[in-house]
Amino acid sequence: MKYFYVTTPIYYVNDKPHVGHAYSTVIADCAARFKRLSGYKVFFQTGTDEHGLKIEKEADARGIAPKELADSMHIKFKELFSDLNISYDRFIRTTDADHVQTVRTAFEKLLKNGDIYLSEYEGWYCTPCETFLTEKSLSEGGKCPQCGRPASKVKEESYFLKLDKYEKKLLDFIENNSGFIKPEFRKNEVLSFVKEGLKNLSISRTSFKWGIPVPGDDNHVIYVWFDALLNYLTGLGHETYLEGRNPDFERFLESTNHIVGKDILKFHAVYWPIMLFALGLRPPKTILAHGWWLMDGAKMSKSLGNVIDPKVIVEKFGADALRYFLLSEITIGLDGDFNTGSFTVRYNSGLANDLGNLVSRTAAMLRKYADGKIPGKNAGEDAAVLNEALVLLNGLGERYDRYDFAKILEDIFRFINILNKYINDSAPWKLNINEPEDRSNLFKILKTAAVSIYYISYFIYPFMPETSGKINNMLNIKPFDLPGFSLDPGDAADYCEKLFKNGFSIAEKSEILFPRIKFE
RNA sequence: GGCGGUGUAGCUCAGCCGGUUAGAGCAUACGGCUCAUAUCCGUAGUGUCCGGGGUUCAAGUCCCUGCACCGCCA
């Protein structure tokens, strides 16, 4: 059995979800769906990060308990993910009991083996960012380089995680595992950061209470990142693993794929592997650092008022339209621009005209010329067309491993064009059903189109599960997300041959998949 | 300031180890079809491949340099 563990970051509940949250999650979902479809045992985790000073403050301002705030905010993420058809296996919250236990266990273990030690921190601190700063890194006037607010001088007791001890090991690991950090240019950034030398990381705070207390020392609360990163172990059942009752734990762990935004790569590519080293566990297989979405060329920000609520897009155009846009518009790793123009073009030209219309015209012809039946084995198939689908199938696995979504979609749409062209060129509407030769030609064309559309439905399933389901409904074939169903790309051709051998009726009616967006 | 990256058709980008008339999608113009969501197909393009210098029989592709933009670190 092949294993695949994919995670999104856990999202901080001080704000409601935006396009960026949707993006990370859709990437993970697309990968998870493909792997599941290909027969992997998949565990897909997302969730919310609920501790920390910001939450405590925001809750104070609203006059409620931090947990109440988290309870109300985490639901918004769940709702969005449900709207987007995110097929997560677990939605974790850092306030979940098993997570708190994992963090405590891990902290205690590292304290015992000396990788965590108590010491004193003296220096600069940015309270809003919960970050310790070096004197040199302060910008003019003693301000935090990240947020620009004044930093304050603090002297406090703190627990530290030894990073220097594992610096060499981390460097070796990164250099010997070429696919560890994607894309490549991010790997170079991480390498140069590590090479400059790592300072031990402060992993506790005494200035607030909303967090997991340090075991045996209630004055300290565990730093949010130390807490948050461990969610990836909690989800796999870290505690039952320690009790020797979790045989899958290590298999999933070694096939871990973290999806993160470029802003939090450092935490995942430096601190997290070191935490795992210290715990005697192996680092993730890959970390994908994706780019950010700009809005009409500008960085998203609340003050500019240009934050798009993904919920609104989904309500207007459907989950699949948003999923498709997010995954096709950006070459993975780079930033992208979200603007009405490019969204409309991708929707109208790609989804409505090319794909939607292809399905629509094929269904119409099957009904008009073949009594709504896909011809069975007595009809021929056009090998040249179907071969194109097989070529695409063959390259799929490798390209998913690179998260090359834009390229995969490009090729899927190339195949869609091939099929549109094939139909135009062979012009079934000109054939005379009463002429035997025309008749067999007609059936061959219709069958080829039907089988091709089934392939297309398979191809788009990870990207647009809802549309894939609609196409399968139209064809009267079970959807790809039936529990337990899998179809390895390598087996697809045989499977299709059997499936279409006897011929069958398609649905009597089918809906327009993507109504065109019309301009006023 | 240190390290790294990018600069190619109107737009977004692809061009691996240097080698025939530099590509794709979208947008534009014209033509064809009518099964289809006024959809689909075909044809036509346009480019000082950022500027300058160099290596080579041959450079968008390698080297140096200048400019512009971006990322990480400080």
Side-chain angles (χ1 to χ4, degrees), chain A residues 133-140 144-146 181 183-199 261-267 269-270 289-292 294 296-297 299 317 321 324-325 328-339 341-370 372 404 406-407 409-431 433 442 445-446 448-450 453 467 470 474 510-519:
Chain A
L133 304 163
T134 58
E135 177 108 35
K136 274 190 293 180
S137 72
L138 296 179
S139 55
E140 284 175 56
C144 169
Q146 271 180 53
I181 298 169
E184 189 81 10
F185 67 93
R186 295 285 172 204
K187 169 180 147 183
N188 297 334
E189 285 175 9
V190 171
L191 275 175
S192 63
F193 173 75
V194 177
K195 279 177 184 163
E196 280 170 31
L198 299 173
K199 276 196 296 286
K262 60 183 182 179
D263 49 322
I264 54 170
L265 175 62
K266 199 205 293 179
F267 296 98
V270 179
H290 67 243
W292 283 347
L294 306 174
D296 290 317
K299 200 169 156 179
F317 307 107
Y324 170 71
F325 179 76
S328 64
E329 179 73 6
I330 285 190
T331 299
I332 208 83
L334 304 181
D335 288 348
D337 192 31
F338 202 115
N339 63 72
S342 52
F343 183 87
T344 311
V345 163
R346 286 209 178 269
Y347 182 95
N348 275 348
S349 132
L351 296 180
N353 295 353
D354 292 343
L355 172 59
N357 183 57
L358 170 66
V359 173
S360 166
R361 72 196 298 207
T362 304
M365 285 190 293
L366 282 165
R367 293 185 186 114
K368 202 160 176 173
Y369 303 134
D404 222 344
K407 276 270 168 54
L409 282 168
E410 217 179 289
D411 279 354
I412 295 172
F413 276 80
R414 187 165 298 130
F415 181 61
I416 288 171
N417 290 340
I418 286 171
L419 202 57
N420 268 323
K421 180 172 162 52
Y422 169 70
I423 293 171
N424 275 36
D425 290 351
S426 48
W429 49 89
K430 283 187 178 160
L431 300 174
I433 305 187
L442 177 65
I445 296 161
L446 293 179
T448 303
I453 281 175
T467 303
K470 285 179 185 172
M474 185 277 277
S510 45
E511 61 184 302
I512 298 287
L513 296 177
F514 299 100
R516 275 179 73 84
I517 300 173
K518 300 233 167 69
F519 296 98

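All values below were derived from every heavy atom in this structure, side-chain atoms included, with hydrogens, water molecules and symmetry-related copies excluded.
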Exercise. On RNA chain B, check which nucleotide each of A:L513 and A:E329 is closest to and give me the residue with the more 5' one.
Key: A:E329

Quiz item: If we call it a pair only when both distances are under 3.5 Å in a Watson-Crick or G-U wobble match, what pairs with B:C69?
Solution: B:G5

Quiz item: Taking CG from A:N353 and C1' from B:C40, how many angstroms apart are they, rounded to a whole number?
Solution: 9 Å

Self-check item: Counterpart base for B:C33, defined by Watson-Crick or G-U wobble contacts under 3.5 Å
Solution: none

Exercise. Using only side-chain N and O atoms of A:R361, determine if any of them is under 4.0 Å from OP1 or OP2 of B:C40.
Key: no

Quiz item: Do side-chain atoms of A:T362 reach the backbone of A:L358 as a donor and acceptor pair under 3.5 angstrom?
Solution: yes

Practice problem: Provide, to the nearest angstrom, the distance between the CG atom belonging to A:L351 and the P atom belonging to B:G25. | Solution: 17 Å

Quiz item: What is the per-nucleotide protein-contact pattern of nucleotides 26-32 of chain B, from the 5' end, where B denotes a base atom under 4.0 Å from a protein heavy atom, S denotes such proximity for sugar-phosphate atoms only, and - denotes neither?
Solution: S-----B

Self-check item: Straight-line distance of A:L355 CG to A:I412 CD1, nearest 0.5 Å
Solution: 9.5 Å

Quiz item: Using atom C1' of each nucleotide, how far apart are B:A24 and B:G66 to the nearest Å?
Solution: 32 Å

Quiz item: A:I423 CD1 to B:U39 C1': how many Å, rounded?
Solution: 12 Å

Exercise. Could you measure between the two C1' atoms, the one in B:U56 and the one in B:A9, and give it in whole Å?
Key: 29 Å

Quiz item: Under 4.0 angstrom, heavy atoms only, what part of the nucleic acid is A:A352 near: base, sugar-phosphate, or nothing?
Solution: base

Exercise. Could you let me know what B:U12 is paired to, Watson-Crick or G-U wobble, both distances under 3.5 Å, or none if it's on its own?
Key: B:A24

Quiz item: If you look at every strand shown and take non-hydrogen atoms under 4.0 Å, does A:Y369 touch a base, only sugar-phosphate, or nothing?
Solution: sugar-phosphate

Quiz item: Given B:U37, B:U34, B:C35, which nucleotide is nearest the side-chain atoms of A:N357?
Solution: B:U37

Practice problem: Take atom CG of A:L334 and atom C1' of B:C69, then tell me their distance rounded to the nearest Å. | Solution: 15 Å

Quiz item: Are A:F325 and A:F317 close enough that their ring centers fall under 6.0 Å?
Solution: no

Self-check item: Nucleotide B:C11, atom P - distance to CZ of A:R346 in whole Å
Solution: 17 Å

Quiz item: Applying a 3.5 Å limit to both distances, which nucleotide forms a Watson-Crick or G-U wobble pair with B:C17?
Solution: none

Quiz item: Roughly how far apart, to the nearest Å, are B:U46 and B:G25 at atom P?
Solution: 15 Å

Practice problem: Might you point out which heavy atoms bring A:S510 and A:R367 nearest each other, and give the distance in Å? | Solution: OG-NH2, 3.0 Å

Quiz item: Starting at the 5' end of RNA chain B, which residue's closest nucleotide do you reach first, A:N188 or A:T331?
Solution: A:N188

If you restrict it to nitrogen or oxygen atoms, what contacts under 3.5 Å exist between nucleotides 71-73 of chain B and the protein, and what is each distance?
from, atom 1, to, atom 2, distance (Å)
B:G71, O2', A:R186, NH1, 3.0
B:G71, O2', A:E189, OE2, 2.6
B:C72, O4', A:E189, OE1, 3.3
B:C73, OP1, A:K266, NZ, 3.4
B:C73, O2', A:E196, OE1, 2.3
B:C73, O2', A:E196, OE2, 3.1

Quiz item: Got a donor-acceptor contact below 3.5 angstrom from the A:N348 side chain to the A:R516 backbone?
Solution: no

Quiz item: How would you list, by chain and number, every residue that makes a side chain to side chain donor-acceptor pair (under 3.5 Å) with A:W429, sequence neighbours excluded?
Solution: none

Practice problem: Please state the C1' separation for the pair B:A14 and B:A36 - nearest whole angstrom. | Solution: 32 Å

Self-check item: Complement of B:G47, any strand, by Watson-Crick or G-U distances under 3.5 angstrom
Solution: none

Quiz item: B:A36 P sits how many Å from A:L366 CG, rounded?
Solution: 13 Å

Self-check item: Side chains of A:N357 and A:S360, donor plus acceptor under 3.5 Å
Solution: no

Self-check item: A:R346 vs A:S328, side-chain contact (heavy atoms from CB on, under 4.5 Å): CA-CA, chis, key distance, verdict
Solution: CA-CA 9 Å; A:R346 286 209 178 269; A:S328 64; 3.2 Å; yes

Self-check item: Span that lies between the P atom of B:C40 and that of B:C26, in whole angstrom
Solution: 9 Å

Practice problem: Kindly say whether the aromatic ring centers of A:Y324 and A:F413 come within a distance under 6.0 Å. | Solution: yes

Quiz item: So which heavy atom on A:P428 is nearest to which on A:I423, and how close?
Solution: CD-O, 3.5 Å

Quiz prompt | Spacing between A:N348 atom CG and B:G25 atom C1', to the nearest angstrom | solution = 15 Å

Exercise. Can you tell me the distance, in whole Å, between the CD atom of A:E410 and the P atom of B:C13?
Key: 13 Å

Quiz item: So what's B:U56 paired with, Watson-Crick or G-U wobble, going by both distances under 3.5 Å?
Solution: none

Practice problem: Remember a base hit wins even if backbone is also touched, and classify A:N420 as base, sugar-phosphate or nothing at under 4.0 Å, heavy atoms. | Solution: sugar-phosphate

Exercise. Considering only atom P, compute the distance from B:A22 to B:G45 and round it to an integer number of Å.
Key: 13 Å

Self-check item: Backbone of A:G291 reached by a side-chain donor or acceptor of A:D335 within 3.5 Å
Solution: no

Quiz item: Where do A:D337 and A:L294 come nearest, in terms of heavy atoms and distance?
Solution: OD1-O, 3.2 Å

Practice problem: Could you give the distance separating B:C11 and B:A58 at their C1' atoms, to the nearest angstrom? | Solution: 33 Å

Quiz item: Taking atom C1' in both B:G51 and B:G7, what distance in whole Å separates the two?
Solution: 11 Å

